[in-house]
Amino acid sequence: MDTVDKVVIIPTYNEKENVARIIKAVMDLEGDFHVLIVDDGSPDGTAAIVKTLQEQYEGRLFLEERRGKLGLGTAYIHGFKWGLARGYAFIFEMDADFSHNPNDLIRLHQACVAGADLAIGSRYVKGGGIVNWPADRVFISKGGSLYTRIITWMPVKDPTAGFMCYTAKVLRAINFDNISFVGYAFQIEMKYATWKLGFKIKEVPIIFQDRTEGQSKMSKGILKEGILGVLNLRWQSLFKNYRNRVSNN
């Protein structure tokens with residue numbers, strides 16, 4: 001029997017079309033997954049929907065409300081700290097819009113149980129792929145991944161992925177105060193920090209499907225942060241002791 005050791009962090013902003021369905025999909029999985037919604041003051045009532053479900057999923061569904069749209073990275077860091085404080089052994093990242101298949105949470109967990117410190121749901125390893133994305137988005141994503149690998153030398157084929165399972169020891173080892181980015185580059189930097197600190201990373205193939213409900217959060221500013229952020233990470237690694245900066249030890 002599984003112990004209560006898994007929490008899935010789902011940041012939300014205006015996800016009223018998806019939030020109840022994604023919560024149910026995770027709760028219906030075997031393995032007693034818990035869910036933490038981190039809502040950034042959604043004006044569409046996303047948080048209110050979560051509150052109506054908390055009695056149904058008592059002790060398994062949690063809500064943290066923040067004032068205003070503070071960024072994906074800070075939402076995840078808020079969730080990481082929340083999960084670590086409550087003793088979860090496996091802490092997941094997942095989008096609310098079903099672009100990540102909730103069933104794949106089980107395979108990410110299994111990869112960590114088998115020895116990975118961080119399991120990444122990867123679109124760009126054998127068996128992975130993308131469905132329903134326009135050609136320009138695919139080009140930007142694949143180009144961004146290749147660019148990141150060339151600049152950083154990080155051996156991760158999908159460095160911008162946002163579907164992950166972290167073991168608690170990885171998150172305890174990272175000094176969140178020195179993670180520089182809050183948007184697109186946040187996902188890259190967390191993987192980079194994990195790699196630089198010497199942890200074992202495993203990529204698990206997933207099929208990524210574009211959202212069918214709600215609005216995409218992608219913007220030119222997010223892309224710019226990704227491009228410049230990767231250069232900054234490499235600069236810090238070359239001329240400063242990046243490993244010491246992000247380490248909690």
Side-chain angles (χ1 to χ4, degrees), residues 5-11 34 36-40 62 64-95 108-109 111-112 115-121 144 148-149 151-156 158-203 221-222 224-249:
D5 60 356
K6 300 180 289 293
V7 64
V8 182
I9 303 169
I10 305 177
H34 290 189
L36 170 65
I37 302 293
V38 181
D39 186 72
D40 272 6
F62 306 94
E64 290 285 289
E65 295 183 83
R66 307 196 305 166
R67 293 186 178 182
K69 199 172 180 183
L70 303 175
L72 181 72
T74 64
Y76 275 127
I77 287 174
H78 185 101
F80 294 157
K81 291 177 178 178
W82 185 96
L84 290 173
R86 286 156 182 80
Y88 288 96
F90 303 96
I91 299 178
F92 299 77
E93 294 186 10
M94 189 173 76
D95 291 347
L108 292 175
H109 177 246
C112 284
D117 299 309
L118 166 61
I120 301 169
T148 300
R149 291 169 62 198
I151 298 296
T152 65
W153 300 357
M154 180 168 57
V156 174
D158 195 353
T160 63
F163 192 21
M164 266 117 48
C165 176
Y166 287 94
T167 57
K169 68 178 179 179
V170 171
L171 296 178
R172 282 195 297 264
I174 295 174
N175 183 342
F176 299 129
D177 292 338
N178 285 333
I179 296 295
S180 306
F181 305 105
V182 298
Y184 195 71
F186 170 79
Q187 300 291 13
I188 298 170
E189 185 171 9
M190 284 296 295
K191 296 179 189 69
Y192 191 71
T194 300
W195 174 57
K196 282 292 186 180
L197 290 172
F199 289 107
K200 182 179 179 183
I201 298 173
K202 169 75 174 176
E203 290 189 82
I222 290 172
K224 182 180 178 182
E225 186 197 72
I227 293 168
L228 297 178
V230 168
L231 288 172
N232 189 30
L233 285 178
R234 183 62 178 154
W235 177 265
Q236 290 181 50
S237 183
L238 284 172
F239 298 106
K240 301 178 183 179
N241 197 326
Y242 180 83
R243 189 180 187 280
N244 285 346
R245 194 172 73 84
V246 297
S247 174
N248 256 336
N249 297 327

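If you take CD1 on I174 and CD on E189, they are separated by 9.0 Å, rounding to the nearest 0.5 Å. Note: L171 CG to T194 OG1 = 7.5 Å, rounded to the nearest 0.5 Å. Taking CG of L118 as the reference point, atom NZ of K169 lies at 11.5 Å (rounded to 0.5 Å). Note that NZ of K6 is 12.5 Å distant from CG of L108, once rounded to the nearest 0.5 Å. Rounding to the nearest 0.5 Å gives a distance of 14.0 Å between NZ of K202 and SG of C165. Interatomic distance, CD1 of I77 versus CZ of F186, reported as 4.5 Å (0.5 Å rounding).
In this structure, E64 contributes its side chain and L36 its backbone to no donor-acceptor pair below 3.5 Å. Side-chain N or O atoms of N178 include one that pairs as donor or acceptor with a backbone N or O of R245 at under 3.5 Å. A donor-acceptor pair is defined here as one N or O able to donate and one able to accept, closer than 3.5 Å; such a pair exists between the side chain of R66 and the backbone of T74. Side-chain atoms of D117 come within 3.5 Å of backbone atoms of K200 as a donor-acceptor pair (strictly under, hydrogens ignored).
For the residue pair G79 and I9, the shortest heavy atom distance occurs at C-CD1, 3.4 Å. Minimum interatomic distance between G71 and D40 (heavy atoms only, all atoms of both residues): N-OD2, 3.6 Å. Closest heavy-atom contact between Y76 and G162: OH-O, 4.0 Å. When all heavy atoms of A116 and T167 are compared, the closest pair comes out as O-CG2, 3.7 Å. Here the closest non-hydrogen pair linking L72 and P11 is CD1-CG, 3.8 Å. Of all non-hydrogen atoms in T160 and K191, the two that sit nearest each other are C-NZ, 4.0 Å.
Under the side chain to side chain contact (heavy atoms under 4.5 Å, CB included) rule, M164 has a single partner from M94, M190, Q187, which is Q187.
Side-chain contact between V156 and E203 is present, with heavy atoms from C-beta onward closer than 4.5 Å. Side-chain contact between F92 and V7 is absent, with no heavy-atom pair separated by less than 4.5 Å. Counting only heavy atoms from C-beta outward, the side chains of L197 and S247 approach each other to under 4.5 Å.
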Hey, mind stepping through I120 and F163 against side-chain contact (heavy atoms from CB on, under 4.5 Å) and telling me if it holds?
-> CA-CA 6 Å; I120 301 169; F163 192 21; over 6 Å; no

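Legend: residues meeting ring pair (Phe, Tyr, Trp, His ring centres under 6.0 Å) with F80, ordered by chain and number and at least two apart, are Y166, F176.
Relative orientation of the Y88 and H34 rings is perpendicular, given thresholds of 30° and 60° on the angle between their planes.
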